[in-house]
Amino acid sequence: MMSYNPFSLEGRNILITGASSGIGRSCSVECAKSGANLLLLGRDLTKLNDVLSVIQNDNLNYNGTASVYSIDLTTGIEDLIPVVDEFVFRHGKFDGLIHSAGIEKTMPLAGMKDSDYSSIFNINVIAGFQVAKLISKRKNSNDSSSFVFISSITALVGRRGIIGYSASKGALNSGIKSMALELADRGIRANCISPGTILTPLLVNYLETLTPEERAKRLDGYPLGIGKPEDIAYAAIYLLSGASRWITGQSLIIDGGYTSR
């Protein structure tokens, strides 16, 4: 007799944006390990197919279904509508969403242009909310679904040079509170995860551009050290699962103790 696991995603249909790299990639792999059926979105089809290969590797023993689709969400979600329709037709309605797609632009206030703010907000905030709008339609999602948005501790604590980025993450943290109230009648939950510094390939490349002193300053203040993408993926699985059924409108801070200082 199989024991009950409230954290399992077995048989659940999950859409993940930004699935081709970093946190989104890790969420894709770990959700697959947890048994979810996946629709993975990103701009780079080559990288998406690489993630698909990892998921379908025999060593993973993946029994679900996973498909990928290359899309630029900043141009609107019209192109996504037939993709969602096809997935729902073949596999059933969605049970969850992870919006991991996002960009960070490091630039002082004096250098920021209108277009910089627009590009950051378009992908970090608007694209995520518009995907949630599409997925939350009754024909596309089951009641008691869960939407997870990847935010940042920079929504809570400042850092020089990322005004646009931190503002966009603050918008996520605020927006999901109202979204949670709107969707609660169907039992659909909306939450954010606010990570601290995560050792993604982008961060590794960025750290290599810094002097040893700058690098030490950037990484200072984490009592448990720098986080890994899997740390955020595991939290996303929790928020997608039935184990978190009474959590909505919240931002889960995962930062190795950084904001405890």
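In what follows, every heavy atom counts, from backbone to side chain, and hydrogens, waters and symmetry copies are set aside.
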Check side chain to side chain donor-acceptor pair (under 3.5 Å) between K177 and all other residues, then give those that pass, not counting sequence neighbours. none
Could you list the residues that satisfy salt bridge (charged side-chain N to carboxylate O under 4.0 Å, His left out) with K137, not counting sequence neighbours? none
Does atom NZ of K47 have more than 12 heavy-atom neighbours from other groups under 6.0 Å away? no
Please name all residues satisfying side-chain contact (heavy atoms from CB on, under 4.5 Å) with Q250, sequence neighbours left out, ordered by chain then number. N191, I247
By salt bridge (charged side-chain N to carboxylate O under 4.0 Å, His left out) - contacts of E230 (at least two apart): none
Contacts table for residues 67-81: side-chain donor-acceptor under 3.5 angstrom, sequence neighbours left out:
unit_1: S70; atom_1: OG; unit_2: R43; atom_2: O; d: 2.9
unit_1: D72; atom_1: OD1; unit_2: R43; atom_2: NH2; d: 3.4
unit_1: D72; atom_1: OD1; unit_2: T74; atom_2: N; d: 3.0
unit_1: D72; atom_1: OD1; unit_2: T74; atom_2: OG1; d: 2.6
unit_1: D72; atom_1: OD2; unit_2: T74; atom_2: OG1; d: 3.3
unit_1: T75; atom_1: OG1; unit_2: D72; atom_2: O; d: 2.9

For F87, enumerate each residue passing the ring-ring contact (aromatic ring centres under 6.0 Å, His included) test, keeping only those at least two apart in sequence or located in another chain. H91, F94
Test side chain to side chain donor-acceptor pair (under 3.5 Å) applied to K113 - qualifying residues, sequence neighbours left out: none
Can I get a per-line list of side-chain donor-acceptor pairs under 3.5 Å for residues 118-132, giving both atom names and the distance, sequence neighbours left out?
unit_1: S118; atom_1: OG; unit_2: D114; atom_2: O; d: 3.1
unit_1: S119; atom_1: OG; unit_2: S115; atom_2: O; d: 3.2
unit_1: S119; atom_1: OG; unit_2: D116; atom_2: O; d: 2.9
unit_1: N122; atom_1: ND2; unit_2: S118; atom_2: O; d: 3.1
unit_1: N124; atom_1: OD1; unit_2: I103; atom_2: N; d: 2.8
unit_1: N124; atom_1: ND2; unit_2: I103; atom_2: O; d: 3.0
unit_1: N124; atom_1: ND2; unit_2: S168; atom_2: OG; d: 3.0

Side chain to side chain donor-acceptor pair (under 3.5 Å) against Y117, all qualifying residues, sequence neighbours excluded: none
Can you list the residues that meet the side chain to side chain donor-acceptor pair (under 3.5 Å) rule with R159, with sequence neighbours excluded? E104
Restricting to salt bridge (charged side-chain N to carboxylate O under 4.0 Å, His left out), what partner residues turn up for R189, sequence neighbours left out? none
Considering only heavy atoms from C-beta outward, does the side chain of I16 approach that of I14 to under 4.5 Å? yes
Those residues at least two apart in sequence (or on a different chain) that pass side-chain contact (heavy atoms from CB on, under 4.5 Å) with S151 are A155, K169, L172, N173, C192, S194
